[in-house]
Structures are given as structure tokens and as C-alpha cells.
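Per chain, numbering begins at 1; letters A, B, ... match sequence-line order. Computed from heavy atoms alone, side chains included, the values below leave out hydrogens, waters and symmetry copies.
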Amino acid sequence: MTRHLAGSRPSDILGFFCFGGSILSGGVAMASAMTRLGRRGIGSARWSSMAVAGQQSRASHSFTLPDLDYDYGELEPAISGEIMKLHHTKHHQTYITNFVKALEQLEQAEKDGNAEAIVKLQGAINFNGGGHVNHSIFWKNLAPSKSGGGEPPEGKLASAIKDEFGSLEKLIAKMNADGAALQGSGWVWLGLNKDLKQLAVQTTANQDPLASKGLVPLLGIDVWEHAYYLQYKNVKPDYLKNIWKVINWSDVSSRYEANL
Amino acid sequence: MSAVVAKFELPPLPYEMNALEPFMSKTTLEFHWGKHQRAYIDNLNKQISGTELESLKLEDIITKTYGGGNAQPAFNNAAQAWNHDFFFHSMTAKGGKAPSGDISGLINRDLGSYDNFVKEFKAAATTQFGSGWAWLSLKDGKLIVQKTANAVNPLVSGETPLLVLDVWEHAYYLDFQNRRPDYVETFLRELVNWDTVNARLETATAKL
């Protein structure tokens, strides 16, 4: 199982090598990074956008698909390996590819002083960037049961859940009800109101980040149909019921404590 | 004694479940019609039972509950029930490609050419972020291509839809997974029921 270098994320590493470095060292760094990430599968579109990014000065073009901390099949039977692979290598990757493309177009529009184009690009930036942000959180929120997935929260988060919702079961019931009731595409979140130091359940539409509701995201459940359709078809409630078996409460706790 | 009010029924598909294969699978239609559309209708009936909406036509429920975007609960189920029936009838086996008949002339007049219609329709269908629909509609007597989110349809804006493509993921995920552009191209190339579009156009023009 691949692990990130301690304290750094792939996008940090690649961003460093892309920014201001020589093309040769950038290329070598990218090649080795590609090999390390290779077993997750790299789409050729990302390779070409990475090759371009290595020759540009903006580190913002170095957004890359983060590794999962587990293999695609390790969340079964809650979420199928088929879904995990598509969700990661196609859906999340496409958000990143289109985010990078939109940022490149934004840079050009800024150079051109084209205000109309700048405004027009915001939709694509928000949607695809939001997709990248949300999915990056989601992969960390999940873990195989052998790595602690499904084990209930402890410590400060557990107390906070009890205070706010009465019990973990009640929190789960609320998130499942709100997730099931969501019309169209979106997410159901456990978030933190930092000012009030209060937990809240909140849904967002499409790829709107939870920050747009003034909350810090702790746990997000993707209820876009692509997150469950191949396995659960129209029965979204079954997906919601089962996903709790692979929720990585340790990650959720870390986010909670980091934001208190 | 209370009046007997007819509930909405799930309209039958205008073809067999396997009729659109290999371009839209039998399994997709079994779920899309048999589960998704059926659920919208069942849930709509439950929602409107005992309310003033119960006696209205489906189109009237849609426009009444839309609320300018601040929709009442029944809007979603009513609009989705209508949208799906309109969608299934927008398709036929051995359909697609360039049309003949009156719609052809209007496409050239208002959208430039069939190729330009394809370009605009593909763009609308593939850039609808999240769930929604891509439409060919009449607006003030002119053809337009438009996209709507979630359950919204052109009826709420007083426009007349002629053709629709469902771009909710459930419409294409079993057959195309994430490849929405392939799904859209396949629909345009193989499935569009231009006879139905011409019939809808005729009805709309007769009303003008």
C-alpha cells in the first residue's frame, strides 16, 4: 500500500517540482511521482496536463489525484471495488482535469484583461474545484473495516455527537434521512460551526463545498448517483445504511479536533 | 360522500424494454421506468392525496407548485413524472440522425443547421452540472436548446418542449458509467424520435 511522504501531500510535492524548477528536474520528479502513483492508474489526459504544468510557473496547475489509503476492493461489501475504481479514476480525475483546464483558461483571461471570460469561468472553477475538494475529503473519510472503518468515534467527537444529537445512532438516522431526501445530486455532511463550536448536519447541492454554508467539513457522504448506482441502483437508502460500516471515524475526529 | 379522484398511473413505455438495445439497455429501462418513474408517481399520489392538488392535471400541478423556484414539495415528483414520460416518448428504435418534416426547416431557420443543433444540444447536455435535462423547445415560436436542473422543465417558463434527454446519472450509468458525452451522442445518433417531435410541433403550432 503506498503511503505519502510524512507530512506532505502529492500535490505539494508535485507543486514544488513544477514551480520554478528546471524542466529536467521537474520531468524526473514527475516521472518518479507518476511511478509511485502508477498502480492507481493515471489517465493520459492528466499526464499531458502535468507535462504542460511542469513548464508553467503557476503552482496552481499541480492539482493531482490523491492516492487512496486502501485498494479499490477493500471497502466491500459496503461499496464495490468497481464503483471505487470508477469514482476515483474517472469522476474525481475528471473534476481535477477540468479544474486545471478552467484555471489555465482563467490565467489566460486575466492576461487578456477579459472580464467577461473571467466571470464566465467561475461556474466551471467552482463546480470542478468543489468536486476535487469534496472527493479528497471523502476518500479519507472512508476506511476498510480492518483499518478501523466502522468503529464508532471516541473522545471529544463522541461526546460532542452525544451532546448535539443524543447518540451516534440518532446522528446516523438524521444523515441518512437527509441524504435520502436530497433531490438531484449532492452531499450530506457532518460539519462544524467553528464560531459556535457546534456540530451540524447539512446537505449541499452538486459540488458546492460545505464552506459555502459556513461549516467546516468533517464527514461527507457523496449521494450523487455515481457513488452508488452500479451496486444499489435506485435504492439509495441501502447505500446510506451500509456506508457506515466503512466510515473512518478516526479521520473525522482528527478534523474535528483540528478545528476546535 | 367524497368525490372519487383518479390517481396518476404509470404510463406504459411506448415500446418493449429491449427495443432500444444496444443503445439503451433493457436493464436501464427496467430500472428507469419500473423503479424511478414508478416511484415519482407513487410518491406524487401520496403527496397530493387529500389536498387541493388532487383534482388537477399533471401540468397544472407542476406550474402551480413551482413557486418561481421556491417549489412546494409536490413539484419534484410531479415534474419528474411528467419529464420521464416525455423522455421515454422522445425515443424510438432506429431513431436519431437528421430529421425530416417541419422540424427540419425550423432547425435550419432558428439553429442554423442540424450540425449546429447537435453541437448546441451536446453542449447543453454535457455542461448541465449535476442532475437535469437537455431540451429542444419552442420559445415565442422560435426553437431553442436549453438545459434545466433537477426536476425543472420548460413548462414552468411558459415554453413548449419538443424533445428531451435525461442527464440524471441514473439515465445512463448502467450503460455508459461516467461517459455522459458518449450517451448524448448515442441518443442523438440512434434514438431521437423525430416523428414524435414533429407531432409535438404540430400540436404546438396549432395552438398559436
Note to self: If you define the side chain from C-beta out and look only at heavy atoms, does anything of B:Asn178 sit under 4.5 Å from A:His91?
What the structure shows: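 Yes; the side chains approach each other to less than 4.5 Å.
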Checklist line | Heavy-atom side-chain proximity of B:Lys35 to A:Val235 below 4.5 angstrom | finding: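 No, every pair of side-chain atoms sits at 4.5 Å or beyond.
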Margin query: Quick check on the interface: out of B:Gly132, B:Ser131, B:Ala149, who has the most heavy-atom pairs with chain A under 4.5 Å?
Written below: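 Counting heavy-atom pairs under 4.5 Å, the top option is B:Ser131.
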For [X], does the [atom1] atom sit with more than 12 other heavy atoms under 6.0 Å from it, leaving out its own atoms?
{"X": "B:Lys97", "atom1": "NZ", "value": "yes"}
{"X": "A:Asp112", "atom1": "CG", "value": "yes"}
{"X": "A:Lys236", "atom1": "NZ", "value": "yes"}
{"X": "B:Glu16", "atom1": "CD", "value": "no"}

Margin query: The test is ring-ring contact (aromatic ring centres under 6.0 Å, His included); show your working for A:Phe127 and B:Phe129 and say whether it passes.
Written below: CA-CA 7 Å; A:Phe127 179 69; B:Phe129 292 154; 4.0 Å; yes
Checklist line | B:Arg179 side, atom CZ; A:Thr94 side, atom OG1 - distance, nearest 0.5 Å | finding: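 So the CZ of B:Arg179 and the OG1 of A:Thr94 are separated by 12.0 Å.
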Note to self: Within this structure, what is the CG-CD distance for the pair A:Asn206 and B:Gln128, rounded to the nearest 0.5 Å?
What the structure shows: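 A:Asn206 CG to B:Gln128 CD: 7.5 Å, rounded to 0.5 Å.
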Check: Side chain, backbone, both or neither: which part of B:His36 has an atom under 4.5 Å from a heavy atom of chain A?
Finding: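 For B:His36, side-chain heavy atoms alone lie under 4.5 Å from chain A.
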Notebook entry, point to check: Relative to chain B, which of A:His226, A:Lys233, A:Lys90 shows the most heavy atom pairs under 4.5 Å?
Noted result: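 The candidate making the most pairs under 4.5 Å is A:His226.
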Checklist line | Shortest non-hydrogen contact from B:Trp168 toward A:Gln183 | finding: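 Minimum heavy-atom separation between B:Trp168 and A:Gln183: CH2-C, 4.4 Å.
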